[in-house]
Number of protein chains: 4
Amino acid sequence: MFHIDQRSSTPIYQQLIQGVKEALLRGGLRFGDKMPSVRELAGQLAINPNTIQKAYQELERQGVIESLRGRGTFVCQHIEAHADLARQAEVNEALRKALIEAHYLGLGAEQIMAMVKEHLHDLSIGGE
Amino acid sequence: MFHIDQRSSTPIYQQLIQGVKEALLRGGLRFGDKMPSVRELAGQLAINPNTIQKAYQELERQGVIESLRGRGTFVCQHIEAHADLARQAEVNEALRKALIEAHYLGLGAEQIMAMVKEHLHDLSIGGE
Amino acid sequence: MFHIDQRSSTPIYQQLIQGVKEALLRGGLRFGDKMPSVRELAGQLAINPNTIQKAYQELERQGVIESLRGRGTFVCQHIEAHADLARQAEVNEALRKALIEAHYLGLGAEQIMAMVKEHLHDLSIGGE
Amino acid sequence: MFHIDQRSSTPIYQQLIQGVKEALLRGGLRFGDKMPSVRELAGQLAINPNTIQKAYQELERQGVIESLRGRGTFVCQHIEAHADLARQAEVNEALRKALIEAHYLGLGAEQIMAMVKEHLHDLSIGGE
DNA sequence: GTGGTCTAGACCACA
DNA sequence: GTGGTCTAGACCACG
């Protein structure tokens with residue numbers, strides 16, 4: 001269901017969060033869908049249930065999913081991003097860092113722009 | 001000389017690496033320049049020398065600077081990055097993640113592209 | 001498990017790296033094996049954990065082992081070394097130096113060749 | 001006169017020692033030849049005179065050269081290597097290490113043997 | 001003075 | 001439990 005790279009330096013639970021958000025963007029997951037249970041997903045991905053739990057909690061905290069006692073966990077309406085300045089600066093820094101690294105890989109501005117456009121299209125991110 | 005955020009969750013030594021690379025791109029550091037000594041920089045930034053050392057060693061491994069025994073550490077000519085596929089995929093993922101996060105912040109494609117362009121210009125990253 | 005000479009002038013962490021590589025060649029360690037944890041090995045060898053850590057990180061950088069967060073460190077499939085010219089020249093020089101030193105010890109070409117062959121056999125280094 | 005690599009990880013003074021021994025083997029230096037003065041060589045190689053001094057002292061200690069007060073430093077008769085067991089083990093280890101690294105570079109036994117033979121021929125190291 | 005190594009001991013995030 | 005980061009302080013070789 002989600003692609004997890006055990007070797008990646010980014011924590012598994014963050015990869016999961018990332019994966020859910022991406023699935024939402026690409027349409028694999030829709031508002032109201034039921035998420036697999038913690039145990040089920042842990043089994044499928046061969047990952048420690050604690051790790052799944054941690055990801056779900058974080059996603060709930062971010063308002064992406066919600067868990068209803070006894071019924072399961074569901075994707076909920078995407079709430080408009082609150083203009084959290086700290087978070088904005090953080091994302092901006094991550095972007096800047098990625099661009100620097102891309103340049104150190106030998107890529108020029110045009111190539112980098114092309115990559116960005118491809119990603120945006122791939123993720124179905126359109127105009128405002 | 002470099003901006004370090006002690007509170008940030010990203011390791012200090014990585015912030016330093018990032019800072020050196022940025023200074024190089026923006027022209028604050030040039031090929032052949034002598035880097036401040038480990039102890040000196042440690043003093044200026046109020047950081048343990050070992051942490052500076054770790055950053056310098058990693059930068060040396062990446063071919064950004066070189067250490068000459070007993071003489072000091074110097075910025076070296078930037079050799080075209082070797083096409084390390086693993087690293088390339090890594091950077092690509094980081095970029096993708098940053099873009100997804102930017103979108104979750106409520107930014108549209110145009111705004112994101114504008115941000116990217118601004119960063120590239122700011123970092124003096126031009127055509128190949 | 002590994003033989004460390006505290007008196008040797010070569011750094012402990014390099015002796016460890018060397019030891020792991022040898023164990024791999026001789027079959028004491030195999031692909032997929034779990035390495036002893038940093039703390040465990042530190043205890044066994046009576047060496048500071050940081051030193052073990054340094055060795056492990058360098059081995060990971062060289063692609064010999066890989067660390068999985070929270071799970072441990074594992075020997076990984078030996079991927080064909082990338083043809084790093086600098087490194088190649090380095091090894092070539094080390095070999096040359098060793099041969100010169102062997103000659104200064106009073107050994108002739110035949111004896112040196114015999115030593116080389118013995119080492120290769122001992123390390124199970126066969127044809128390409 | 002001698003080839004020095006400022007960047008190499010092996011100390012400059014050791015490179016010098018190595019260079020003198022190699023010149024001796026290849027005939028560039030002969031018994032009785034006068035070595036350049038410390039200052040002269042320091043100037044030629046753009047190296048700190050202390051470093052040259054250190055190399056000369058070590059070479060004298062090893063019986064390769066001798067300095068005569070007021071006259072200069074001269075290459076002296078090559079004394080048959082004394083069977084220093086410690087040194088022998090040391091050289092043996094260096095050789096082993098070089099071979100392991102060569103293997104990790106992706107070289108097979110035949111290629112390594114060929115390299116060894118080439119070096120021996122290149123250094124004019126023949127039968128006992 | 002420079003960088004390089006090592007120790008001791010602490011704290012953290014991850015699984 | 002695992003590995004990863006950081007500090008404080010020490011010692012060494014090199015130039």
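Every chain is numbered from 1, with letters handed out A, B, ... down the list of sequences. Just so it is clear, the structure is predicted and the values come from calculations on it, not from any experiment.
Each of B:Gly70 and A:Thr10 lies near DNA chain E, and the nucleotide nearest B:Gly70 is the one positioned closer to the 5' end. When each of B:Met35 and C:Ile12 is assigned the nucleotide of DNA chain E bearing its nearest heavy atom, the one mapping closer to the 5' terminus is B:Met35.
An OP1 or OP2 oxygen of F:dC14 is reached within less than 4.0 angstrom by a side-chain nitrogen or oxygen of D:Tyr13. For C:Arg69, a side-chain nitrogen or oxygen approaches OP1 or OP2 of E:dA15 to under 4.0 Å. Note on C:Thr73: a side-chain N or O is less than 4.0 Å away from OP1 or OP2 of F:dG3. Put simply, B:Ser67 has no side-chain N or O that comes within less than 4.0 Å of OP1 or OP2 on E:dG3.
The backbone N or O of B:Ile17 sits nowhere less than 3.5 Å from a side-chain atom of B:Glu58 that would complete a donor-acceptor pair. A donor-acceptor pair under 3.5 Å is formed between the side chain of C:Arg69 and the backbone N or O of A:Ser8. When atom types are taken as modelled, the side chain of B:Glu60 and the backbone of B:Ser67 share a donor-acceptor pair closer than 3.5 angstrom.
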query = Which string of ( ) [ ] | and . matches DNA chain F, if you list each base 5' to 3' and count Watson-Crick or G-U pairs only when both distances are under 3.5 Å?
reply = ||||||||||||||.

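Counting only heavy atoms from C-beta outward, the side chains of B:Leu68 and B:Phe74 approach each other to under 4.5 Å. Contact check for B:Val75 versus B:Leu24: side-chain heavy atoms found under the 4.5 Å cut-off. Residues D:Leu95 and C:Leu95 have side chains in contact (heavy-atom distance under 4.5 Å, counting atoms from C-beta outward).
Between the side chains of A:Thr73 and A:Glu66, no donor-acceptor pair of N or O atoms lies under 3.5 Å. No side-chain donor from either of B:Gln18 and B:Gln14 sits under 3.5 Å from a side-chain acceptor of the other.
Looking at the side chain of C:Gln14, the nearest of the listed nucleotides E:dC14, F:dC14, E:dT5 is E:dT5. Taking only side-chain atoms of A:Pro11, from C-beta outward, the nucleotide of E:dT7, E:dC14, F:dC6 with the closest atom is E:dC14.
Distance check, rounded to the nearest 0.5 Å: CD1 of D:Ile100 to NZ of C:Lys21 gives 8.0 Å.
The interatomic distance linking B:Ile4 (CD1) with F:dT7 (C1') rounds to 16 Å, in whole Å. Atom-to-atom, CG of C:Leu68 to P of F:dG3 comes out at 10 Å; the value is rounded to the nearest Å. In this entry the distance linking CZ of C:Arg7 with P of E:dC6 reads 17 Å, nearest Å. Distance, D:Ile17 CD1 to F:dG15 C1': 14 Å, rounded to whole Å. For the pair C:Glu58 CD and E:dT5 C1', the computed distance is 14 Å after rounding to whole Å. Separating the CD atom of B:Gln15 from the C1' atom of F:dC6 is a distance of 13 Å, rounded to the nearest angstrom. Between B:Arg71 atom CZ and E:dG4 atom C1' the separation is 17 Å, expressed in whole Å. Atom CD of C:Gln6 and atom C1' of F:dC12 are 15 Å apart (whole Å).
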Give the table of side-chain donor-acceptor pairs shorter than 3.5 Å for residues 38-53 of chain B, with sequence neighbours excluded, one pair per line with atom names and distance.
| unit_1 | atom_1 | unit_2 | atom_2 | d |
| --- | --- | --- | --- | --- |
| B:Glu40 | OE1 | B:Ser37 | N | 3.4 |
| B:Asn48 | OD1 | B:Asn50 | N | 2.8 |

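Interface residues of residues 41-57 of chain C facing DNA chain F, ordered by number: C:Asn50, C:Gln53, C:Gln57; criterion, heavy-atom separation under 4.0 Å.
Under 3.5 Å, the side chain of B:Arg39 and the base of E:dG3 form at least one donor-acceptor pair of N or O atoms.
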